[in-house]
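A short write-up of the structure that comes next.
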Protein chains: 2
Amino acid sequence: METKEKSYPDIFQADCLSRQVLQLVADQWTPLVIYALEGGTMRFGQLLKRIDGISKKMLTQTLRVMERNGLVQRVVYPVVPPVVEYSLTPLGQTLREPMEALRVWAYGHLQEVAHARTTYDQRDQKPIQDEVATLVQQR
Amino acid sequence: METKEKSYPDIFQADCLSRQVLQLVADQWTPLVIYALEGGTMRFGQLLKRIDGISKKMLTQTLRVMERNGLVQRVVYPVVPPVVEYSLTPLGQTLREPMEALRVWAYGHLQEVAHARTTYDQRDQKPIQDEVATLVQQR
DNA sequence: CTGTATCCTTGGAGATACTG
DNA sequence: CAGTATCTCCAAGGATACAG
């Protein structure tokens with residue numbers, strides 16, 4: 001009964017629930033869906049157009065997972081042709097703030113990341129003996 | 001010259017730099033590495049033990065990408081046996097706050113997500129006619 | 001319009017062995 | 001200790017066609 005009741009607290013543990021929850025948003029499309037739905041309800045086709053590069057298959061799949069985890073609500077209007085609207089649930093709304101922080105971070109550090117990349121990519125072309133030596137001395 | 005200079009601003013654009021930057025942390029392991037390095041410098045083997053479930057290969061790969069993007073610094077001490085230390089760069093440090101917000105969110109909504117899942121998983125076993133009808137009336 | 005079903009390809013990732 | 005190299009395999013995901 002008490003074998004594996006609470007693996008809650010340690011996010012570094014593989015079977016930890018908190019890790020699973022963290023990784024709800026740790027994929028390619030979920031953050032973009034959240035950003036898209038911040039403005040309010042959207043239909044499937046609207047999301048498909050808004051999120052450039054996503055396929056119908058991946059959008060469906062992403063939305064299903066998000067729905068399962070309680071982040072989005074899916075409302076079907078049985079008319080022809082079908083109308084399906086997606087929106088953030090109250091739980092999903094609570095993600096807006098942390099997600100927004102991440103987006104702001106991304107916008108604010110474009111240059112630094114780009115610069116780090118070119119620096120790194122050029123490093124392999126050059127000798128780095130001096131740098132290694134310097135770093136060793138730090139110890 | 002001015003063909004594709006600035007695809008900066010729109011994160012919904014596939015080739016947008018901001019999207020790439022956002023997705024630096026949108027994978028399974030990067031957030032955990034950041035959390036692990038918040039406490040300070042760690043060696044390769046320490047990270048491997050701390051982050052349960054990660055393989056040597058994935059840890060190496062994750063660290064290399066993070067290093068390339070300027071999030072972590074890798075310092076090699078040319079001794080035998082080798083010592084390699086990883087730490088967050090100043091740029092990586094700026095990610096701590098938004099990442100911490102995400103972790104707090106995860107911890108704070110374990111129950112809700114778990115509950116949403118069981119509800120969703122049980123839904124397919126039952127008729128849902130009433131709910132659909134209700135939702136339709138909302139329009 | 002909003003999907004599902006199927007096929008098919010690619011590469012992501014584990015396992016294992018080897019190296020400085 | 002901290003990786004790299006190689007092999008292998010499964011599954012993520014694109015393309016396409018079809019359905020309600």
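Note on naming: letters A, B, ... go to the chains in the order of the sequence lines (proteins, then strands), and numbering restarts at 1 for each one.
Which of dT2(C), dG20(C), dT4(D) sits closest to the side chain of R43(A) comes down to dT2(C). For R64(B), the side-chain atoms get nearest to dG3(D) when compared with the rest of dT2(C), dC1(D), dG3(D). You'll find that the side chain of P82(B) is closest to dG20(C), out of dT2(C), dG20(C), dT4(C).
Residues F44(B) and E85(B) form no side-chain contact, since every pair of their non-hydrogen atoms from C-beta on lies 4.5 Å or further apart. Side chains of T94(B) and L91(B) form a contact here, defined as non-hydrogen atoms less than 4.5 Å apart. Side-chain contact between S18(B) and L110(A) is present, with heavy atoms from C-beta onward closer than 4.5 Å. Between R19(A) and L32(B) the shortest side-chain heavy-atom distance falls below 4.5 Å. Side-chain contact between L102(A) and M99(A) is present, with at least one heavy-atom pair separated by less than 4.5 Å. With a 4.5 Å cut-off on side-chain heavy atoms, M58(B) and Q61(B) count as touching.
Rounded to whole Å, the distance from CD on E67(B) to P on dA2(D) is 15 Å. Across the protein-nucleic acid pair, E85(A) atom CD and dG3(C) atom C1' stand 16 Å apart, rounded to whole Å. If you take CZ of F44(A) and P of dG20(D), they are 18 Å apart, rounded to a whole angstrom. In this entry the distance linking CD of Q46(B) with P of dC1(D) reads 11 Å, nearest Å. Rounded to whole Å, atom C1' of dG3(C) lies 17 Å from atom OH of Y77(A). In this structure, K49(B) atom NZ and dG3(D) atom C1' are separated by 16 Å, rounded to whole Å. Remark: P of dG3(D) and CG of L47(B) are 10 Å apart, rounded to the nearest angstrom.
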Under 3.5 Å, which N/O atoms of the protein pair with N/O atoms of nucleotides 10-14 of chain C?
residue: dA13(C); atom: N7; partner: K57(B); partner atom: NZ; Å: 2.9
residue: dG14(C); atom: OP2; partner: S55(B); partner atom: OG; Å: 2.8
residue: dG14(C); atom: N7; partner: K57(B); partner atom: NZ; Å: 3.4
residue: dG14(C); atom: O6; partner: K57(B); partner atom: NZ; Å: 2.6

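Formation of a donor-acceptor pair under 3.5 Å by the N69(A) side chain with backbone atoms of L71(A) is not found in this model.
Counting all heavy atoms, side chain and backbone alike, A114(B) lies closest to L17(A) at CB-CD2, 4.4 Å.
In this structure, R103(B) satisfies the cation-pi test against Y35(B), with its NZ or CZ atom closer than 6.0 Å to the six-membered ring centre and inside 45 degrees of the ring normal.
The side chain of Y86(B) contributes an N or O atom lying less than 4.0 Å from OP1 or OP2 of dG3(D).
Note on the helix from dC1(C)-dG20(D) to dG20(C)-dC1(D): terminal axis deviation equals 50°, with five pairs used at each end and the result rounded to 10°.
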